[in-house]
Amino acid sequence: MSLAMTLRSRQLKTPNLRQVSLVCGFPDMGFVGKQSVDYLIQELKAELFRELYSSHFPPHVLIRKDGTVELMKNEFYYWKNPEGAWDLVFFTGNTQAASPEGQFEVVEEVLNLAQKYGVQRIFTLSAHVVESRSPDKPPKVYGAVTHVELVKLLEKHGIALLERGLIEGVQGLLLGEARLRGMEGLCLLGETPAFTTPSGRPIVDAKSARAVLEVLTKLLGIQVSMAELEKQAKLTEEFILKLEKLEQSVLEKMVKARPPGQSYYV
Amino acid sequence: MTVSPSCKVRFLFKPKVSAPTAVVGSPGLRSIGKLALNLLREQLQPKLWAELYSPSFPAVHQTRPSYASQPSLPGWAGGLLEGKALSLPRVKFFLTSAPTPLVVVEGYHANFQGQYEVAERVVELLGELGVKRMYVLAGYGLEGAEVACAATSLNLLEEAKKFGLEPGYEGPFMGFSGLVFGLGMLKGIEGLCLFGKTQPDPAEPENPDPQAAAAVVRKLDAILNLRLDSSRLMGEGKEGRN
């Protein structure tokens with residue numbers, strides 16, 4: 001028996017857009033890309049116009065804190081630039097497809113839509129995981145490009161070119177497929193140590209998201225207030241500092257509690 | 001949305017019922033939904049009306065628990081021995097008109113390939129029958145009320161307060177029941193989920209907790225006035241509440 005076509009979309013509005021750039025971010029390490037896109041959507045008051053559902057998404061729903069239910073989905077938002085310059089389409093979601101087949105299918109759908117709207121440049125946002133990061137300097141932003149001609153653009157904005165490695169998921173796949181279709185794109189990756197709580201839950205790295213947005217807004221030629229993100233970044237820093245202190249005090253207690261004269265490991 | 005041709009539905013009779021309410025359960029956390037549904041079936045004696053078969057229903061799940069399907073683990077197909085006869089894994093739809101028009105849906109967990117498709121087909125069947133509201137029975141493993149709830153809308157949550165129900169669980173709701181609950185919302189079927197509080201058993205996630213199931217049945221009974229007796233469940237099972 002054949003299996004179903006797995007992707008479904010729900011068109012909520014049909015925006016009239018000109019000169020469009022596509023910006024994409026999904027849950028990633030430190031939620032750098034996701035936080036960046038969500039922040040732009042919130043600050044620019046971008047409007048939801050299309051939803052995607054796929055049977056390759058993880059087979060569950062989410063129960064929100066208020067008790068309402070949410071399906072796993074991807075979403076498109078649009079923002080019409082009042083200055084008359086570049087309009088923006090944002091592509092984000094609470095999940096990615098859990099199989100390569102599903103991820104390819106989603107990316108095909110996104111690029112079809114991008115071509116329909118005449119998208120000229122694609123930006124994907126993600127995280128670049130590092131072991132540690134200097135607390136005194138802003139996080140570095142790395143870049144990857146679909147065409148070597150774009151390297152100069154990275155250099156102009158002081159972005160380090162990422163020459164080796166891989167970009168997982170839609171953030172990488174979208175650019176790879178875009179290149180095959182002759183569309184150009186960049187991935188901006190914010191440096192993050194991918195902090196987690198002691199129980200392993202990821203901590204949103206707002207500081208890294210801020211660094212990514214500093215670069216992205218310049219590339220897009222738009223102005224966005226970073227005040228709220230700065231507040232979040234400060235809270236993150238304080239939280240991480242508390243966690244580090246807690247970790248240190250646990251270690252000290254373990255050392256004190258060890259039986260005298262015995263060798264031990266921590 | 002399109003519906004896949006790979007699910008097959010076998011109808012046993014043509015239902016004559018007006019705007020029934022649906023009650024949905026499946027073998028999830030500590031089997032709470034399944035136990036509660038079994039009690040409903042026992043006491044209301046609904047008639048088996050339809051069965052849904054899918055090539056994505058493994059007889060043996062490679063995932064533990066069965067509802068946590070993974071893309072790389074399809075499971076093994078096979079027949080199930082039920083009573084004296086062998087049958088295929090399936091979703092069962094029961095129907096009763098008394099004390100109130102009710103569709104009882106006993107779920108089955110598909111592998112990763114089939115979960116959405118099966119849930120869509122179930123929701124479509126419920127829609128065709130005129131179902132406007134479903135109650136989903138399941139469990140949750142956190143500190144909180146004996147039964148917590150979740151709903152497809154804030155209005156329904158407000159209505160649930162009358163029965164002493166409040167939200168108390170935040171996070172993923174996996175497998176058959178979760179997807180039927182969520183996809184129902186897209187098809188215009190409102191849903192209220194009743195989560196019975198239990199102690200998760202990591203070694204045996206579906207190890208039955210009849211007491212938690214009884215608490216869920218009591219809440220459902222209070223809402224639908226089905227005149228159920230949950231005492232049979234209370235005396236069942238060696239696993240006590242912690």
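All values reported here derive from a predicted model rather than from experimental measurement. Letters A, B, ... are given to chains in the order of the sequence lines, protein chains preceding strands, and every chain is numbered from 1.
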Proximity breakdown for Ser54(A) and chain B, heavy-atom pairs closer than 4.5 Å: backbone
Leu157(B) portion near chain A, given a 4.5 angstrom heavy-atom threshold: side chain
Nearest non-hydrogen partners of Pro167(B) and Gly67(A), listed with the distance: CB-CA, 3.6 Å
Heavy-atom side-chain proximity of Leu179(B) to Pro59(A) below 4.5 angstrom: yes
Candidate pair Met185(B) and Glu70(A), rule side-chain contact (heavy atoms from CB on, under 4.5 Å), full reasoning: CA-CA 9 Å; Met185(B) 179 174 63; Glu70(A) 178 182 334; over 6 Å; no
Atom group of Glu170(B) that falls short of 4.5 Å from chain A, counting heavy atoms: both
Straight-line distance of Ser177(B) OG to His60(A) NE2, nearest 0.5 Å: 14.5 Å
Gap between atom CD of Gln70(B) and atom OG of Ser99(A) - 0.5 Å precision: 12.0 Å
Contacting moiety of Ser153(B), where chain A heavy atoms sit under 4.5 Å: backbone
Atom OH of Tyr53(B) with >12 non-hydrogen neighbours under 6.0 angstrom: yes
Exercise: identify the closest heavy-atom pair between Pro71(B) and Ala98(A): CG-O, 3.2 Å
Over 12 non-hydrogen atoms of neighbours within 6.0 angstrom of CZ in Arg133(B): yes
Criterion side-chain contact (heavy atoms from CB on, under 4.5 Å) on Leu71(A) and Leu183(B), from CA distance to verdict: CA-CA 7 Å; Leu71(A) 278 159; Leu183(B) 291 173; 4.0 Å; yes
Test log, rule side-chain contact (heavy atoms from CB on, under 4.5 Å), inputs Met72(A) and Tyr116(B): CA-CA 11 Å; Met72(A) 307 314 288; Tyr116(B) 275 91; 3.9 Å; yes
Glu168(A) CD: over 12 foreign heavy atoms closer than 6.0 Å: no
Atom CE of Met29(A): over 12 foreign heavy atoms under 6.0 Å: no
Atom of Gly182(B), atom of Val61(A) and distance for their closest heavy-atom approach: CA-CG1, 3.8 Å
Part of Tyr140(B) within contact of chain A (heavy atom distance under 4.5 Å): neither
Taking every non-hydrogen atom, the tightest pair across Ile63(A) and Tyr169(B): CG2-O, 3.2 Å
